[in-house]
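Down below is the structure, laid out as structure tokens.
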Amino acid sequence: MRCAPNPNGPWHVGHARMPAVIGTYKQRYDGWFCVRFDDTDPETKRPDLEAYDAILEDLDYLGFEPDATFKASDRLDIYYDHARKLIDMGGAYTCSCSGEEFSELKNSGEACPHRDKDAETVLSEFEDMIGGVYDSGEMVLRIKTDIEHKNPALRDWVAFRMIDTPHPREEAEEYRCWPMLDFQSAIDDHIIGITHIIRGIDLQDSAKRQGFLYDYFGWEYPEVVHWGHVQIDAYDVKMSTSTLSELIEDGELDGWDDPRAPTLKSLRRRGIRGEAIVDAMIGLGTSTSDVDLAMSTIYANNRELIDEETDRRFLVRDGNEVPLGGSPPDEANPQLHPNHEDRGVRKIPVGDAVLLESDDLPQREERVWLKGLGCFQYTRDTLQYTGEDIEVVREGDVDVVHWAPARESVPVRMRTMEGDVTGRAEPGVAELATDEMVQFVRVGFARIDHVPSGVADDSSDDELVVYYAHP
RNA sequence: GCUCCGAUAGUGUAGUCCGGCCAAUCAUAUUGCCCUCUCACGGCAAUGACCAGGGUUCGAAUCCCUGUCGGAGCACCA
């Protein structure tokens with residue numbers, strides 16, 4: 001099998017579907033798959049030189065390693081050779097009609113005057129195409145199919161055209177005569193030995209078009225499956241590489257890994273495992289209708305993967321400072337993980353005031369349980385320690401909330417899909433390493449992205465940054 | 001306009017080929033309860049679907065026809 005991306009940028013979430021499915025089939029049936037960059041249009045689908053590696057990185061993130069990697073732009077001579085053979089067989093002709101002219105003839109089922117040229121003329125004109133004698137638009141090589149085919153999309157399609165713009169890859173910058181996807185991909189699929197093709201419904205007619213080519217060469221066409229488009233809920237921005245590229249260019253997004261971008265790099269930075277994405281993609285199956293993938297499915301998969309191993313911490317968003325009274329303990333010791341007592345407890349210095357989220361501020365005279373610390377009653381603008389037992393919580397009279405010490409907490413910037421949130425976390429969070437996952441109690445899972453090297457200081461720009469993953 | 005393709009709960013999916021075991025599977029979502037130092041995890045329960053209409057048949061999600069809705073192609077893009 002093959003994954004044949006157009007290297008025009010890093011992958012968005014939808015792109016994960018192809019490697020997820022063929023990678024999984026490979027594992028299941030002891031198969032083989034390659035990545036083949038179909039970079040045969042240096043102009044309108046101009047390849048981005050950085051995208052080749054970016055895509056391979058994304059693939060690695062998803063947990064797959066291709067058995068081989070090809071670049072179509074390395075293989076022009078192969079395509080030229082096959083075109084020559086085809087011309088010998090009378091299966092192709094050079095045509096200098098303009099696009100509109102040919103389109104009109106085609107739609108009425110009429111052959112153009114170039115169709116009956118003898119093979120020698122065609123071959124010599126094709127060599128001139130390769131030699132760059134013609135300018136863009138002057139000459140194409142068409143596959144002779146059936147000019148009266150009932151589906152106009154299949155009639156005498158273009159196999160090679162001239163492009164004046166040099167290819168961005170140095171190795172390919174001299175070529176001017178480029179194959180169209182249908183030709184290049186057809187030849188490569190056979191030569192590489194692809195037995196099964198999966199591709200989008202937009203290429204539904206490709207198999208039929210390429211069928212004419214396979215008939216000329218006496219080849220057998222691979223099994224082919226077409227699937228519909230994937231939409232992801234939960235994103236405002238359109239999931240298209242070119243749209244994302246523009247948004248980044250305009251500064252609307254910080255980069256391909258901005259938490260608001262529907263890209264694999266973004267999910268990766270948020271600490272979502274490739275496996276969670278792959279599993280969600282597998283669940284979509286391969287139906288030809290368009291599907292909506294719910295991000296919640298990816299989140300649920302990820303939660304299952306990380307929940308057991310992720311320790312709990314406190315983060316208070318937009319905290320309200322409340323003084324403490326009544327001599328509470330100096331230190332709080334909530335568990336690192338409720339299901340794993342053996343991991344021990346955190347040590348959170350309490351101080352003389354704490355931060356609470358607005359929703360958690362108790363009403364006057366109401367009691368509240370600061371998780372890991374104890375019971376307090378809100379009296380005269382302070383939280384008075386009552387010393388009551390956990391029984392008050394079990395009886396259901398007292399709510400338990402998370403909190404952070406007002407003084408010895410660390411400022412945190414949490415980047416989310418809805419924008420940045422600031423808050424303060426228990427001091428232990430500053431000791432964590434980049435890439436570690438945390439679960440902020442009653443907030444959600446997040447990945448530690450950047451930990452300041454020096455001592456935490458509110459005035460410094462070097463802040464602790466985490467990326468929010470999901471609830 | 002011409003040519004293809006598709007339609008099962010909010011979402012995804014199984015079942016459709018070879019009609020009955022489907023008053024329709026599983027997951028996710030939502031809600032409620034249980035557990036718990038309130039999150040998460042786990043347990044239990046509830047919610048919720050065969051696009052419509054005809055036909056064939058003892059029997060249709062499944063086969064046939066029509067309609068509706070949706071998607072794709074008709075490029076010198078991929």
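To find a chain, count down the sequence lines: A is the first, B the second, and so on, and within it residues start at 1.
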task = Between protein and nucleotides 39-48 of chain B, map the contacts as a letter string: B base, S sugar-phosphate only, - none, heavy atoms under 4.0 Å, written 5' to 3'.
result = BBB-------

ask   = Quick one: what's the B/S/- string for nucleotides 9-14 of chain B, heavy-atom cutoff under 4.0 Å, read 5' to 3'?
value = --SSS-

Does [X] reach a base, just sugar-phosphate, or nothing at all? Heavy atoms under 4.0 Å.
X      : result
A:H402 : nothing
A:S136 : nothing
A:V140 : base
A:K45  : base
A:M139 : nothing
A:T40  : sugar-phosphate
A:C97  : base
A:D399 : base
A:I201 : sugar-phosphate
A:L203 : base

message = Given the ring of A:F314, does A:R346 sit roughly above its face, with NZ or CZ under 6.0 Å from the centre of the six-membered ring and within 45° of the axis?
response = yes

request  = Treat a base pair as Watson-Crick or G-U wobble with both distances under 3.5 Å, then lay out RNA chain B in dot-bracket form, 5' to 3', with | for cross-strand pairs.
outcome  = (((((((..(((.......[.....)))((((((.......))))))...(((((..]....))))))))))))....

Which whole-number value in Å describes the distance from [X] [atom1] to [N] [atom2]?
X      : N     : atom1 : atom2 : result
A:R155 : B:C4  : CZ    : C1'   : 14 Å
A:I298 : B:A29 : CD1   : P     : 13 Å
A:I348 : B:C37 : CD1   : C1'   : 12 Å
A:E101 : B:A75 : CD    : C1'   : 16 Å
A:N151 : B:U3  : CG    : P     : 9 Å
A:I198 : B:A78 : CD1   : P     : 21 Å
A:F376 : B:C37 : CZ    : C1'   : 13 Å
A:R394 : B:C37 : CZ    : C1'   : 8 Å

[atom1] spacing across the pair [N] / [M], given as an integer number of angstrom:
N     : M     : atom1 : value
B:U57 : B:C64 : P     : 16 Å
B:U31 : B:C17 : C1'   : 39 Å
B:U62 : B:G6  : P     : 15 Å
B:C35 : B:C22 : P     : 36 Å
B:C5  : B:A23 : C1'   : 32 Å
B:A24 : B:C50 : C1'   : 8 Å
B:A7  : B:G15 : P     : 13 Å
B:C51 : B:G43 : C1'   : 38 Å

message = Check the phosphate of B:G73 against A:S206, side-chain N and O only, distance under 4.0 Å to OP1 or OP2. Yes or no?
response = no

Would you say the side chains of [X] and [Y] form a donor-acceptor pair under 3.5 Å?
X      : Y      : value
A:Q363 : A:Y378 : no
A:Y467 : A:R447 : no
A:D188 : A:S185 : no

request  = Dump the intermediate steps for side chain to side chain contact (heavy atoms under 4.5 Å, CB included) on A:T263 and A:V13, then the final yes or no.
outcome  = CA-CA 5 Å; A:T263 57; A:V13 182; 5.9 Å; no

query = Salt bridge or not for A:R442 and A:E357, using N-O below 4.0 Å?
reply = no

Electrostatic pair A:D311-A:R313, nearest N-O below 4.0 angstrom = no

